[in-house]
Asker: 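I'd like to ask you about the structure that follows.
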2 protein chains.
Amino acid sequence: MSEVIVEQIRSLIRADKLRPGDRLPSERALCEQMGVSRVTVREALRVLEAAGLVAIRVGARGGAFVTTPSSTKLSANLADLVNLSPMTAPEVIEARQVVELGIIETVIERATEKDVDELREMTREHQAALKRGEYSMEMSAAFHVRVAQCTHNAAIEMLVHSFHGPLLMSLREAQVAAPLMGHRGTSEHREFVEAIAARDVEKAREIMAKHLRRTSQRIARVQASREKGKEV
Amino acid sequence: MSEVIVEQIRSLIRADKLRPGDRLPSERALCEQMGVSRVTVREALRVLEAAGLVAIRVGARGGAFVTTPSSTKLSANLADLVNLSPMTAPEVIEARQVVELGIIETVIERATEKDVDELREMTREHQAALKRGEYSMEMSAAFHVRVAQCTHNAAIEMLVHSFHGPLLMSLREAQVAAPLMGHRGTSEHREFVEAIAARDVEKAREIMAKHLRRTSQRIARVQASREKGKEV
DNA sequence: TCCTAACGACGATATGACCATAAGCCGCCC
DNA sequence: GGGCGGCTTATGGTCATATCGTCGTTAGGA
């Protein structure tokens with residue numbers, strides 16, 4: 001079975017026998033090596049690719065390369081869960097609130113001067129973009145991710161990153177990206193950064209709580225109107 | 001490309017044209033329908049299967065059935081990320097602490113009588129198992145997941161559930177499941193349940209914080225000894 | 001009526017062939 | 001002599017066909 005091949009390669013990667021950037025043998029070589037047909041090997045590689053463990057390039061010197069995994073695939077899977085399972089967008093938002101509020105203390109504790117400077121720069125750019133009418137949900141998401149990076153904890157960063165994918169998609173699907181009310185959003189971002197700079201946990205919590213509450217209300221309205229649309 | 005097929009089917013599922021339990025056409029039928037070969041269709045189905053969107057059964061009346069997605073696959077992916085990416089076990093634990101402490105307020109707000117009763121029953125069973133020498137990490141994980149269920153939020157539940165998978169694996173790999181120090185763990189669990197029953201947020205937080213701190217120290221020791229083992 | 005054996009539908013795998021792509025090489029032309 | 005374009009070749013992508021294992025299903029016999 002091809003599942004066996006998948007597990008075999010996966011464990012090779014886990015055991016550090018294969019490291020990110022390494023190239024696996026060619027499909028034809030793997031066939032021979034494992035004693036199976038090319039179809040089977042290909043199915044295994046496809047699964048690994050879908051899991052984000054390898055990237056496949058075509059052409060000469062192509063093949064399957066071990067990748068340093070990222071949260072992208074995870075985010076995509078999460079998006080599926082949100083859309084297909086008993087998990088609803090409001091629930092995801094609530095989870096997001098737990099995380100983003102929960103990390104504030106750590107953020108304030110660990111944010112470096114560089115972190116704060118970059119956050120300030122980011123809010124400046126966002127407000128400029130807003131004036132040009134180019135402010136987007138992606139920028140807002142980027143801000144929240146950058147805040148999470150201040151924890152200097154890859155797991156937390158990934159968590160926040162993962163949450164934004166599904167939410168963005170949820171909004172995009174509903175095609176309501178236009179009326180952003182970005183003014184209050186960006187100025188809240190700026191206030192939040194200053195609270196971090198001042199190492200004021202209480203204030204930062206307060207601002208972020210308000211900010212997330214507004215966002216969640218907006219998404220709730222979107223959700224409601226979409227449900228309504230379904231009924232019609 | 002088979003990616004196209006994947007997206008096509010995926011969007012069919014998203015658009016509710018295909019619902020959980022539905023059976024997709026047979027491979028041979030899909031070939032004809034999409035104008036591609038069986039290999040291509042199979043690769044697409046394998047990817048969907050790996051993503052947890054369909055389950056494939058063999059034999060007569062077999063085929064690809066749309067599944068109601070669960071967090072299982074997501075959890076597996078998360079485990080990969082933990083093991084393969086710059087993300088370390090201590091980082092995951094910190095993230096877990098953020099979530100499990102962050103939800104306490106919600107847990108206390110929403111826990112029903114039934115929730116509390118079941119938690120009490122669970123701790124009783126666990127203490128009995130401990131006396132029989134059968135207490136395991138799985139039981140501890142189950143407790144934390146059950147607590148998360150009290151939020152009645154599928155996203156949060158999945159989050160906590162996902163965290164325990166990688167951590168358990170991390171411990172099992174290091175083969176240190178034996179010396180559990182389960183006595184303090186289970187009694188802390190019991191105290192925690194009573195704090196929930198009493199709707200005492202502060203006390204619950206305090207107990208859980210202490211509990212998680214002890215667990216994280218234990219895992220840190222495991223990590224340290226494993227690193228040491230690697231060097232040798 | 002009930003049990004069993006043959007049938008058919010369907011996925012799993014194998015084989016061999018051909019196409020598309022892209023990197024590297026070599027020769028041609030300036 | 002150097003730069004550039006076409007050729008070579010390794011490699012993934014796709015296809016057609018064939019065979020096998022696994023099941024429901026069903027028909028025939030006890």
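Note that the structure is a prediction, hence the values are computed from the model and not measured. Order of the sequence lines sets the chain letters (A, B, ...), proteins ahead of strands, with each chain counted from 1.
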Asker: Between A:Asp22 and A:Lys17, is there a salt bridge with N-O shorter than 4.0 Å?
Answerer: no
Asker: Are more than 12 heavy atoms from other residues, nucleotides or ligands located less than 6.0 Å from atom CD of B:Glu7?
Answerer: yes
Asker: If you measure from CG on A:Leu12 to CG on A:Leu24, what distance do you get to the nearest 0.5 Å?
Answerer: 8.0 Å
Asker: Quick check for you: name the first and last nucleotides of DNA chain D, 5' to 3', having an atom under 4.0 Å from a heavy atom of chain A.
Answerer: D:dA10 to D:dT14
Asker: Charged N to carboxylate O under 4.0 angstrom, A:Glu121 versus A:Arg124?
Answerer: yes
Asker: With the threshold set at 4.0 Å, does a side-chain nitrogen-carboxylate oxygen contact exist between A:Arg46 and A:Glu43?
Answerer: no
Asker: Where along residues 35-50 of chain B does a heavy atom fall under 4.0 Å from DNA chain C?
Answerer: B:Arg38, B:Arg42, B:Arg46
Asker: Check DNA chain D against residues 1-8 of chain B and give the residues with a non-hydrogen atom under 4.0 Å, in numerical order.
Answerer: B:Met1, B:Ser2
Asker: Below 4.0 angstrom, N of the basic side chain to O of the carboxylate: do B:Glu94 and A:Arg110 qualify?
Answerer: yes
Asker: Among residues 18-26 of chain A, which ones have heavy-atom contacts with DNA chain C below 4.0 Å?
Answerer: none
Asker: Using chain B heavy atoms and a threshold of under 4.0 Å, write down where along DNA chain C the contacts begin and end, 5' to 3'.
Answerer: C:dG8 to C:dT13
Asker: If you round to the nearest 0.5 Å, how far is CD1 of A:Ile156 from SG of A:Cys150?
Answerer: 11.5 Å
Asker: With rounding to the nearest 0.5 angstrom, report the NE2 to CE distance, A:His189 to A:Met208.
Answerer: 6.5 Å
Asker: Is there a side-chain contact (heavy atoms from CB on, under 4.5 Å) between A:Phe143 and A:Val193? Walk through the geometry before answering.
Answerer: CA-CA 10 Å; A:Phe143 176 81; A:Val193 173; 3.7 Å; yes
Asker: Atom CD in A:Glu157, atom OG1 in A:Thr151: separation rounded to 0.5 Å?
Answerer: 7.0 Å
Asker: Give, for atom CD1 of B:Ile5 and atom SG of B:Cys31, the distance between the pair rounded to the nearest 0.5 Å.
Answerer: 9.0 Å
Asker: Check this for me: does any side-chain nitrogen of one of A:Glu118 and A:Lys114 sit under 4.0 Å from a carboxylate oxygen of the other?
Answerer: yes
Asker: Verify the ring-centre separation between A:Phe192 and A:His211: is it less than 6.0 angstrom?
Answerer: no
Asker: Can you see whether A:His144 engages A:His161 through a side-chain donor-acceptor pair at a distance of less than 3.5 angstrom?
Answerer: no
Asker: Counting C-beta onward and ignoring hydrogens, is there a side-chain heavy-atom pair between B:Glu3 and A:Glu49 closer than 4.5 Å?
Answerer: yes
Asker: Would the number of heavy atoms belonging to other residues, nucleotides or ligands and lying under 6.0 Å from CZ of A:Arg23 be above 12?
Answerer: yes
Asker: Below 4.0 angstrom, which residues in residues 59-68 of chain B have at least one non-hydrogen atom near DNA chain D?
Answerer: B:Gly59, B:Ala60, B:Arg61
Asker: Determine the contact category for B:Arg57: base if any of its heavy atoms lies under 4.0 Å from a base atom, sugar-phosphate if only primed atoms, P, OP1 or OP2 are that close, otherwise nothing.
Answerer: sugar-phosphate
Asker: About how many Å separate CZ of B:Arg38 and OG1 of B:Thr40, when rounded to the nearest 0.5 Å?
Answerer: 11.5 Å
